[in-house]
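Since the structure comes first, as structure tokens, the remarks are kept for the end.
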Amino acid sequence: MYEVFYLNKRIVIKSGDITHEKCSVVVNAANSTLLGGGGVDGAIHRAGGVEILRECQKIRKDVFPDGLPTGYAVMTTGGNLPASHVIHTVGPVWKGGDSGEPEALSMCYFNSLKIASDNQFTSIAFPAISTGVYGYPRDKAAAIASKTVKKYILRKEFPVTVIFVFFSETDKQIFVQHQLFED
Ligand code: AR6
């Protein structure tokens, strides 16, 4: 289906399977164990292979023995994915919106973008973090994601392109209706 662009085409909105995305780095909506799960996490580990899991296990052992906190992000190889790397971030579980969920979700995007710019990656693809099993309402998540990404990339040269990959056309449309890139 057709793609939607914002901010001089530095933002691309599309639907599809993020594991097929040919970009520098894809973001994984992980859980704090970093050891895999369902949804996009399961798909990334399946498509990327065991090398990703091995690096996640090493990060757990060496840096985050108690698990990766919500809002944090870490990077591994992309294994067999077209993307060379994966950034794993832990989104907030939706509890009604008054438990710091917006700030935590914004941190996921900010910390992932920071890793991408520190590594001078040209392109990064995000799934709709927290909007699956973790229950974050898609309209509210769209506002947070777009505001955070816009603010970041207008100040930075890298990543040049930020791709939002939605699993369905409907999810893409909800995002487009609630994004704040043009504000
Ligand atoms: N490509 C793009 N988007 C996808 C794909 C895919 N292959 N698969 C699912 N989505 P979720 P969360 C969308 O549940 O809410 C896992 O078990 C999906 O439609 O994957 O952050 C983890 O291990 C939804 O919009 O992540 C954690 O335990 C979005 O990705 C927990 O789920 C996120 O849905 C994290 O929950």
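As the structure lists them, so they are numbered: ligands from 1, and atoms in each ligand from 1. All figures in this text were calculated on a predicted structure; none of them were measured in a lab.
- Side-chain atoms of Glu101 come within 3.5 Å of backbone N or O of Lys95 as a donor-acceptor pair.
- Given atom 31 (C) of ligand 1, the protein heavy atom at minimum distance is Tyr134 CE2, 3.6 Å.
- Selection from Gly38, Ala141, Gly36, Cys108 by nearest heavy atom to atom 16 (C) of ligand 1 gives Gly38.
- Of all protein heavy atoms, the one closest to atom 7 (N) of ligand 1 is Asp17 OD1, 2.9 Å.
- Protein heavy atom nearest atom 21 (O) of ligand 1, with residue, atom name and distance: Ser130 N, 2.8 Å.
- Near Arg138, with a cut-off below 4.0 Å to any heavy atom, the atoms of ligand 1 are 19 (O), 24 (C), 25 (O).
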Distance-only check: which donor-acceptor pairs under 3.5 Å involve side-chain atoms of residues 30-37, not counting sequence neighbours?
from	atom 1	to	atom 2	distance (Å)
Asn31	OD1	Thr33	N	3.0
Asn31	OD1	Thr33	OG1	2.5
Asn31	ND2	Gly36	O	3.2
Thr33	OG1	Leu35	N	3.1

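- By the 4.0 Å heavy-atom criterion, Thr19 is excluded from the residues contacting ligand 1.
- How far NZ of Lys114 is from CG of Asn119: 9.5 Å, rounded to the nearest 0.5 Å.
- The atoms of ligand 1 that sit less than 4.0 Å from any heavy atom of Asp41 are 22 (C), 23 (O).
- Of the residues listed (Phe175, Phe166, Tyr109), the one engaging Phe126 in a ring pair (Phe, Tyr, Trp, His ring centres under 6.0 Å) is Tyr109, and it is the only one.
- Residue Ala128 comes nearest to Arg138 through the heavy atom pair CB-NH1, 4.1 Å, listed as atom of the first residue, atom of the second, then distance.
- Atom 33 (C) of ligand 1 has as its closest protein heavy atom Ala128 O, 3.3 Å.
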With a 3.5 Å cut-off and sequence neighbours excluded, list the donor-acceptor pairs that the side chains of residues 11-25 form with protein atoms.
from	atom 1	to	atom 2	distance (Å)
Lys14	NZ	Glu21	OE1	3.3
Lys14	NZ	Glu21	OE2	3.0
Ser15	OG	Glu169	OE2	2.7
Asp17	OD1	Thr19	N	2.9
Asp17	OD1	Thr19	OG1	2.8
Asp17	OD2	Thr19	OG1	3.3
Ser24	OG	Thr122	N	3.3
Ser24	OG	Thr122	OG1	3.3
Ser24	OG	Ser123	N	3.1
Ser24	OG	Ser123	O	3.3
Ser24	OG	Ser123	OG	3.3

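- If you check which protein heavy atom lies closest to atom 20 (O) of ligand 1, you get Val40 N, 2.8 Å.
- At a heavy-atom distance under 4.0 Å, only side-chain atoms of Ala43, from C-beta outward, approach ligand 1.
- In terms of protein heavy atoms, atom 13 (C) of ligand 1 is closest to Phe167 CB, 4.0 Å.
- In this structure the side chain of Tyr136 reaches within 4.5 angstrom of the side chain of Pro102, judged on heavy atoms.
- By the 30° and 60° cut-offs, the orientation of the rings of His88 relative to His45 is tilted.
- Counting atoms of ligand 1 from 1 in the listed order, those under 4.0 Å from a heavy atom of Ala29 are 21 (O), 22 (C), 26 (O), 35 (C).
- Counting heavy-atom neighbours within 6.0 Å of Tyr72 OH, excluding the residue itself, gives a total of 12 or less.
- Atom 32 (O) of ligand 1 has its nearest heavy-atom neighbour, among Val93, Val133, Thr131, Val165, in Val133.
- Residue-ligand proximity: Ser168 is placed with every non-hydrogen atom at 4.0 Å or more from ligand 1.
- For the pair Lys151 and Phe110, the cation-pi test (distance below 6.0 Å, angle within 45°) is failed.
- In summary, the side chains of Ser117 and Tyr152 do present a donor paired with an acceptor at a separation below 3.5 Å, with no hydrogens or angles considered.
- Close approach of ligand 1 to Gly16 is summarised as follows: ligand atoms under 4.0 Å from at least one heavy atom of the residue are 1 (N), 2 (C).
- Considering backbone and side-chain N/O atoms, Gly132 comes within less than 3.5 Å of an N/O atom of ligand 1.
- Ligand 1 does not have Gly91 within reach: every non-hydrogen atom of the residue lies 4.0 Å or more from it.
- Arg10 places no side-chain N or O within donor-acceptor distance of the main-chain N or O of Thr161, the cut-off being under 3.5 Å.
- Heavy-atom contacts of Gly37 reach the following atoms of ligand 1: 17 (O), 23 (O) (cutoff under 4.0 Å).
- Closest heavy-atom approach to atom 28 (O) of ligand 1 within the set Ile18, Asn31, Thr33: this belongs to Asn31.
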